[in-house]
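Remarks on the structure that follows.
Residues: numbered from 1 along the sequence shown. Keep in mind that this is a model prediction, so the values were computed, not measured.
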Amino acid sequence: PRGHAMRRLLALLVILGLGMLAAPSEAETPYEINVILPVTGYAAFIAKAEMNALSVIENQVNAAGGIRGRMIKFVIKDDQSMPTNSVQLFNDILTGKPAVVLGPTLGSTCNAVAPLIKDGPVDYCFSPGIHPAAGTYMYTAGPSNIDLFTAIARYFRERGLRKVAIITSTDASGQDTDRSIDAVFATAENRSLTILDHEHARDEDLSVAAQVARIQASAPDVVIAWTSGAPFATMLRGLRDAGINVPIVASSANMLYGQMHDYANILPSELLFPGAPSFSPEQLPAGTFKTAVVRFLDAFKAQGVRPGATENQVWDPTLIILDAFRQYGFDITARQLRDYINNVHGRIGTYGTIDYRAVPQRGVGPESVIIQRWDPTNERWTAVSKPGGSPLGVRKPSAPEP
């Protein structure tokens with residue numbers, strides 16, 4: 001009967017309607033961006049800061065209506081600070097043919113996934129300690145160790161700290177540090193600097209007393225103690241116990257407020273870092289650069305977070321990736337994304353001017369580095385140099401000493 005057929009048609013339409021309601025459209029589904037981080041393991045303290053940055057960015061973007069009307073979501077995958085896990089996670093992600101992957105975080109984990117990236121996706125490693133070849137699909141965040149030590153050496157020269165002792169880690173990051181130190185201190189402009197002693201320590205070492213004794217015997221003007229996390233505490237404790245009372249220069253990876261607070265009782269009287277300009281916004285002249293830094297700091301202040309060095313390394317690269325999505329849409333290819341990044345120049349970020357044409361795969365150089373001193377009384381960093389490392393309030397010598 002006609003009435004029966006009509007009821008069946010109506011029932012079918014209802015079922016189809018319910019099905020449409022149950023299945024959200026693509027625009028209603030957040031666009032997922034895969035991120036590999038060391039959420040657990042020995043580098044978990046770094047991932048915590050990275051997740052802070054990604055959370056602030058995600059909230060900020062989505063509160064403004066998303067990208068092209070679609071929300072974004074960073075999907076965090078834990079490699080447990082282990083290169084083998086990074087490789088497994090990256091291979092799993094590749095099955096979805098993404099245009100981009102953010103992370104991993106460590107030099108060892110980034111180097112482990114590098115062979116997997118030939119024709120894409122774009123991979124933005126959050127470690128500054130790697131050196132991807134120009135034109136490849138891998139990028140690295142923040143100034144390199146060469147850039148950091150270029151600024152550090154300039155600070156030493158112009159402040160008159162000529163005799164240098166060094167202790168570094170033996171891991172992949174430490175090896176890159178050693179190569180960078182050798183390259184920078186071998187330049188003609190640094191011929192007035194002398195490395196008196198260069199010691200090494202393993203991450204698992206519980207004491208560096210023997211190494212520190214040799215450093216003390218060399219009578220340096222300044223000590224570079226370069227590692228991060230718990231091994232850094234071991235170095236600080238050894239230097240304190242030996243009574244070494246000269247400026248100590250440490251890796252910017254330790255520029256974390258919580259870490260400095262926890263280490264209060266083992267900190268030297270003068271602890272210096274090659275830091276990002278955002279730690280000392282008062283040092284910056286009024287203009288677009290200072291505006292970008294203040295905007296960065298205000299975004300975290302709204303979340304009750306004081307950003308450290310790691311948040312800086314995540315911030316600019318992630319915003320550049322999202323701007324590429326704004327221009328090309330979420331169907332962007334890895335090649336389009338790579339070409340977009342390679343043509344970013346003159347952009348102002350938290351490190352200053354970003355220029356991938358001049359600095360391939362990284363975008364920033366030594367002029368993005370300001371030497372900072374930790375102020376334990378106020379628990380903050382203060383600038384002791386201009387961008388690039390020249391000390392504040394110290395007259396630059398006309399020529400280096402022979």
Side-chain angles (χ1 to χ4, degrees), residues 45-46 49 127-129 141-156 158-159 161 164-169 173-174 176-177 180-181 184 221-236 239-240 244 246-264 266-284 293 297 306-315 350-352 364-392 394:
F45 72 101
I46 303 176
S127 168
S144 69
N145 278 334
I146 290 281
D147 300 326
L148 298 181
F149 286 107
T150 297
I152 289 168
R154 182 181 298 172
Y155 182 80
F156 288 174
E158 297 179 16
R159 184 175 158 181
L161 302 172
V164 185
I166 303 168
I167 179 168
T168 54
S169 60
S173 177
D176 181 70
T177 298
S180 299
I181 290 173
V184 170
D221 295 329
V222 63
V223 174
I224 297 173
W226 204 269
T227 188
S228 60
F232 179 51
T234 302
M235 288 185 184
L236 289 178
L239 293 165
R240 179 207 60 183
I244 293 179
V246 299
I248 307 297
V249 180
S251 167
S252 56
N254 297 294
M255 295 183 78
L256 304 169
Y257 290 97
Q259 184 171 340
M260 290 298 99
H261 177 82
D262 292 342
Y263 292 175
I266 57 173
L267 297 180
S269 58
E270 186 174 1
L271 184 58
L272 304 172
F273 299 83
S278 63
F279 286 104
S280 303
E282 71 283 351
Q283 170 65 27
L284 305 175
V293 168
L297 294 172
R306 287 197 297 176
T310 303
E311 285 89 348
N312 276 273
Q313 290 171 336
V314 171
W315 189 260
T350 64
Y351 284 106
V364 296
E367 294 306 316
S368 67
V369 181
I370 293 178
I371 307 301
Q372 318 264 349
R373 179 174 180 170
W374 175 248
D375 176 359
T377 302
N378 298 302
E379 293 203 336
R380 56 161 296 179
W381 280 274
T382 58
V384 294
S385 88
K386 302 172 185 177
S390 289
L392 296 175
V394 176

Check: What pairs with R306 under salt bridge (charged side-chain N to carboxylate O under 4.0 Å, His left out), at least two apart in sequence or on another chain?
Finding: none
Checklist line | Contact list for residues 380-392, test salt bridge (charged side-chain N to carboxylate O under 4.0 Å, His left out), sequence neighbours left out | finding: E282-R380
Check: When you measure from the side chain of E311 to the backbone N and O of G308, does any donor-acceptor pair fall under 3.5 Å?
Finding: yes
Next item on the list: Give a yes or no on whether the backbone of G365 and the side-chain of S368 come within a donor-acceptor separation of less than 3.5 Å.
Entry: yes
Next item on the list: Check whether any side-chain heavy atom of V223 sits under 4.5 Å from a side-chain heavy atom of V246, and report yes or no.
Entry: yes
Notebook entry, point to check: Taking the side chain from S251 and the backbone from N254, do they hold a donor-acceptor pair closer than 3.5 Å?
Noted result: no
Notebook entry, point to check: Residues in ring pair (Phe, Tyr, Trp, His ring centres under 6.0 Å) with F149, at least two apart?
Noted result: W226
Item checked: side chain to side chain contact (heavy atoms under 4.5 Å, CB included) between D147 and V364, intermediate numbers included -> CA-CA 9 Å; D147 300 326; V364 296; 5.6 Å; no
Next item on the list: State which residues pass side chain to side chain contact (heavy atoms under 4.5 Å, CB included) with S385; sequence neighbours excluded, sorted by chain then number.
Entry: Y155, I370, I371
Notebook entry, point to check: Going by heavy atoms in the side chains, are V369 and P387 under 4.5 Å from each other?
Noted result: no
Note to self: Let me confirm one number: the CD1-CG distance from I248 to L236, rounded to the nearest 0.5 Å.
What the structure shows: 8.0 Å
Next item on the list: Could you tell me which non-hydrogen atom of I46 sits nearest to which non-hydrogen atom of T310, and how far apart they are?
Entry: O-CG2, 3.7 Å
Note to self: Within this structure, what is the CZ-CG distance for the pair R240 and L267, rounded to the nearest 0.5 Å?
What the structure shows: 10.0 Å
Item checked: From CD1 (I152) to OG (S252), nearest 0.5 Å -> 8.5 Å
Notebook entry, point to check: Can you list every pair that meets salt bridge (charged side-chain N to carboxylate O under 4.0 Å, His left out) and has a residue in residues 365-379, with sequence neighbours left out?
Noted result: R154-E367
Notebook entry, point to check: Nearest heavy-atom pair of A383 and Q372: which atoms, and what distance?
Noted result: N-OE1, 3.7 Å
Note to self: Go through it in stages, so that I can follow the logic: the residues are I224 and V164, the test is side chain to side chain contact (heavy atoms under 4.5 Å, CB included), and I'd like the CA-CA distance, side-chain angles, deciding distance and then a yes or no.
What the structure shows: CA-CA 7 Å; I224 297 173; V164 185; 4.0 Å; yes
Item checked: Atom of A276, atom of Y351 and distance for their closest heavy-atom approach -> CB-CE2, 3.7 Å
Note to self: Just to verify, what does W374 make a ring pair (Phe, Tyr, Trp, His ring centres under 6.0 Å) with, not counting sequence neighbours?
What the structure shows: W381
Next item on the list: Return the minimal non-hydrogen interatomic distance between L271 and A250, and the atom names on each side.
Entry: CD1-CB, 4.2 Å
Checklist line | Stepwise side chain to side chain contact (heavy atoms under 4.5 Å, CB included) test for T177 and N145 | finding: CA-CA 6 Å; T177 298; N145 278 334; 3.6 Å; yes
Margin query: Using 30° and 60° as the class boundaries, would you call the ring planes of F232 and F273 parallel, tilted or perpendicular?
Written below: perpendicular
Check: Which atom pair, heavy atoms only, marks the closest approach of L297 to P281?
Finding: CD1-CG, 3.8 Å
Margin query: With heavy-atom distances below 4.5 Å as the criterion, would you say the side chains of T227 and T168 are in contact?
Written below: no
Note to self: If you compare all heavy atoms of P391 against all heavy atoms of R159, which two are closest, and at what distance to 0.1 Å?
What the structure shows: CG-N, 3.9 Å
Notebook entry, point to check: Side-chain contact, heavy-atom cut-off 4.5 Å: F279 with T382?
Noted result: no
